[in-house]
Undergrad: 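My questions all concern the structure below.
Naming: A, B, ... by sequence-line order, numbering from 1 per chain.
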Amino acid sequence: MNIKFYNTLSRQKEIFKPIKSGEVSIYTCGPTVYSRSHIGNFRTFLFEDILKRVLLAVGYRVKHVMNITDVDDKTINKANNENKTLAEITSKYTAEFMEDVATLKILPADELPVATDHIQEMISMISALIKKGNAYSTDDGSVFFSIESYKDYGKLAHLNLKGLKQTDRVAADEYTKDHPQDFALWKAWKEEDGDVSWNSPWGKGRPGWHMECSAMSTKYLGNHLDIHCGGVDNIFPHHENEIAQSCAALDSEFVNIWMHSEHLIMTDEKMSKSLGNIKTIPELLADGHSAESLRFALISSHYRSKLAFSNNKLDEAKKSVHRINELYQKLTEIADSGKSLPDEYDLFIEILADDLNTPKALGVLFNYVRDLNRKIDNVQLSKKEAAMGLFFLNKADEILSILKKQDDIPEIIAQLVEKRETARKEKNWQLSDDLREEIKEKGWIVEDLHDGTKCYPL
RNA sequence: GGCGUCGUACCCAAGUGGUCUAAGGGAGCAGUUUGCAAAACUGUCAUUCAUCGGUUCGAAUCCGAUCGACGCCUCCA
């Protein structure tokens, strides 16, 4: 099967060919651990999760590396503001990040290297760049990459140097640079950095932001890798600068396919910390949304489109997740142990293999759900077909991970349900309805089937 | 100033030259079922794809203009 991915570099879909047959190397830009990641950040991490799961589903071995940025302006500021050490801040938020990753059932990366463990690798790379004439040090002990020394600069973001606007931010930069757009590889120590510094051939300082990704991707995945991902905002400057650094330092091809996810927006605004309209995973869980609903909401639009995130969207996701889980439960009761797959599975995979078209794949899934429900209603579904359906849902779920697989019903609820059953048998409708209400108040829904009842969390 | 994206039903959202009188989900309405509900099922719900032109035998899909929303141009996923 041909797998196609949209490559930011070429601005078109390309047929995916791994460098090494049967194996895919992926580097994804991870969090900067200075605060809890929000749902917008997780849109990107979930897109990467789907990417990985699709590659695994079609039989590739996947080597995935995600960096943790644990030293930069934001982490240092945070530590200063809270009067804590850098390590205290970054270890706290790294732990929280990993917690959220687990909650959302995101497959963790094989390696999660942190920047501060790779200072030596970065220094070597910077030295190599200076030696080759792609970088220069300044009087204060900083090192900059000279963008004029790298002729392809701008090829990812499709920027040409002439068209660049002289923005205030660039103009206001306090460093002395040859070219205003030259970016820092090494930043000389400043007073506000406190005790955050490493020795280098250029004096005390710390690495520039982009350096860690170049150094760590090379260390863990080699000079040349298959796929590199991140949010669209990373295209420029981060990924553009990575390309310049890596290609210049290594004299090698760097990344074959660059994939970027669009932003999640709330009420037509980008979710951002400065606007104060962010939601974290624990907050959303506290609002009563399940991990499955969150996953569903995040994959219900294509990763390259802006995602309109709203309460309405979450409510819809919850119902959709329930619909699929409901069928799953029914199938469990009917199915024999068969292990064959319906044609819809191939279609499902094929659609996902076409640049991860999750909304379209969900369409296929729902069509199938309706077909099976119809057969169940008409008592036409054979045990064999049910087993097929069950196997399909399980296989699809290896990618989507939206099945809840039976929640445990608390003892109190189970007792109330039983009590209600007795009342119903005695045709005591008043008591039965009251009990249903009571169960609902405790957060569970009871539904009466033709034979018995069903109970699930609200 | 430069580069780029998007505008599909009440809402979300696929479709990127013919199978489109446009998938799927949610909401609504009507019905089957049910002690009543819920769930499920059935029917209904865009002859039309921001607007106006053009190319084509054929366009939501290509081109141009207009209107509207948005992103990037040094540290935000």
Undergrad: Atom CD of A:E344 to atom C1' of B:G24: distance rounded to whole Å?
TA: 14 Å
Undergrad: Are side-chain N/O atoms of A:N7 and A:K13 paired as donor and acceptor at under 3.5 Å?
TA: no
Undergrad: For B:A9 and B:U47, measure between their C1' atoms and round to the nearest Å.
TA: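 The same atom, C1', in both gives a distance of 13 Å.
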Undergrad: In whole Å, what is the span from the CG atom of A:L347 to the C1' atom of B:A23?
TA: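 Atom CG in A:L347 sits about 11 Å away from atom C1' in B:A23.
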Undergrad: So does A:D140 pair up with A:K190, basic N to acidic O under 4.0 Å?
TA: no
Undergrad: Of A:F236, A:W209, A:F145, which meets ring pair (Phe, Tyr, Trp, His ring centres under 6.0 Å) against A:F183?
TA: A:F145
Undergrad: For A:Y6, is the NZ or CZ atom of A:R304 found under 6.0 angstrom from the centre of its six-membered ring and inside 45 degrees of the ring axis?
TA: yes
Undergrad: Say you pick atom C1' in B:G28 and the same atom in B:C10; how far apart are they, in whole Å?
TA: 8 Å
Undergrad: Over how many whole Å does the gap from A:D233 atom CG to B:C72 atom C1' extend?
TA: 10 Å
Undergrad: Using a 4.0 Å heavy-atom cut-off to protein, can you give one letter per nucleotide of nucleotides 6-14 of chain B, 5' to 3': B if the base is in contact, S if only the sugar-phosphate is, - if neither?
TA: -----BSSS
Undergrad: Please state the P separation for the pair B:A77 and B:C20 - nearest whole angstrom.
TA: 43 Å
Undergrad: Remember a base hit wins even if backbone is also touched, and classify A:F366 as base, sugar-phosphate or nothing at under 4.0 Å, heavy atoms.
TA: sugar-phosphate
Undergrad: Does a salt bridge link A:K360 with A:D355, judged by any charged N lying under 4.0 Å from a carboxylate O?
TA: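 Judged by the 4.0 Å cut-off on N to carboxylate O distance, A:K360 and A:D355 do not form a salt bridge.
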Undergrad: I'd like the C1' distance from B:G15 over to B:A30, given in whole Å.
TA: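 To the nearest whole Å, 30 Å.
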Undergrad: Pick the C1' atom in B:G53 and in B:A69, then give their distance to the nearest Å.
TA: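 Roughly 23 Å separates the two C1' atoms.
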Undergrad: Given side chains that start at C-beta, do those of A:V71 and A:I76 come closer than 4.5 Å, heavy atoms only?
TA: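 Yes, at least one pair of side-chain atoms sits under 4.5 Å.
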Undergrad: Can you tell me, in whole Å, how much space there is between the C1' of B:C72 and that of B:C57?
TA: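 About 42 Å, rounded to a whole number of Å.
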Undergrad: Figure out the NE2/C1' separation between A:H228 and B:A77, and round it to whole Å.
TA: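 Going from NE2 in A:H228 over to C1' in B:A77 covers 12 Å.
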Undergrad: Using the P atoms only, state how far B:A22 lies from B:C49, rounded to an integer number of Å.
TA: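 Comparing P positions in B:C49 and B:A22 gives a spacing of 12 Å.
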Undergrad: Quick one: are A:F47 and A:F42 in side-chain contact, heavy atoms under 4.5 Å?
TA: no
Undergrad: I want to check a possible cation-pi pair here: A:K74 against A:Y34, using under 6.0 Å from ring centre and within 45° of the ring axis as the test.
TA: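 Flagged: A:K74 positioned over aromatic ring of A:Y34.
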Undergrad: Quick one: label A:H238 by what it contacts on the DNA or RNA (base, sugar-phosphate, nothing), any heavy atom closer than 4.0 Å.
TA: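 Nothing, no heavy atom under 4.0 Å.
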Undergrad: How long is the line joining OH of A:Y27 and C1' of B:A77, in whole Å?
TA: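 Nearest whole value for this atom pair: 14 Å.
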Undergrad: If the P atom of B:G2 is compared with that of B:U8, how far apart are they to the nearest Å?
TA: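 The answer is 28 Å between these two P atoms.
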Undergrad: Provide, to the nearest angstrom, the distance between the CG atom belonging to A:L156 and the C1' atom belonging to B:C3.
TA: 13 Å
Undergrad: Choose from B:A23, B:A77, B:G4 the nucleotide whose nearest atom is closest to any side-chain atom of A:R11.
TA: B:G4
Undergrad: What is the separation between atom CZ on A:F296 and atom P on B:G24, rounded to the nearest whole Å?
TA: 14 Å
Undergrad: In whole angstrom, what separates A:H263's NE2 from B:C70's C1'?
TA: 12 Å
Undergrad: Where each residue is assigned the nucleotide of RNA chain B containing its nearest heavy atom, which of A:N367 and A:N241 is assigned the position nearer the 5′ end?
TA: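 Here A:N367 is the residue nearer the 5' end.
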Undergrad: Should the pair A:K92-A:E96 be classified as a salt bridge under the 4.0 Å nitrogen-to-oxygen rule?
TA: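 Yes, this pair counts.
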Undergrad: Return a single string for nucleotides 32-42 of chain B, one symbol per nucleotide in 5' to 3' order, where B is base contact, S is sugar-phosphate-only contact and - is none, cutoff 4.0 angstrom on heavy atoms.
TA: -S-BBBBSBSS
Undergrad: Would you say A:I281 and A:I39 make side-chain contact, with heavy atoms under 4.5 Å?
TA: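 Side chain of A:I281 against side chain of A:I39, heavy atoms only: contact under 4.5 Å found.
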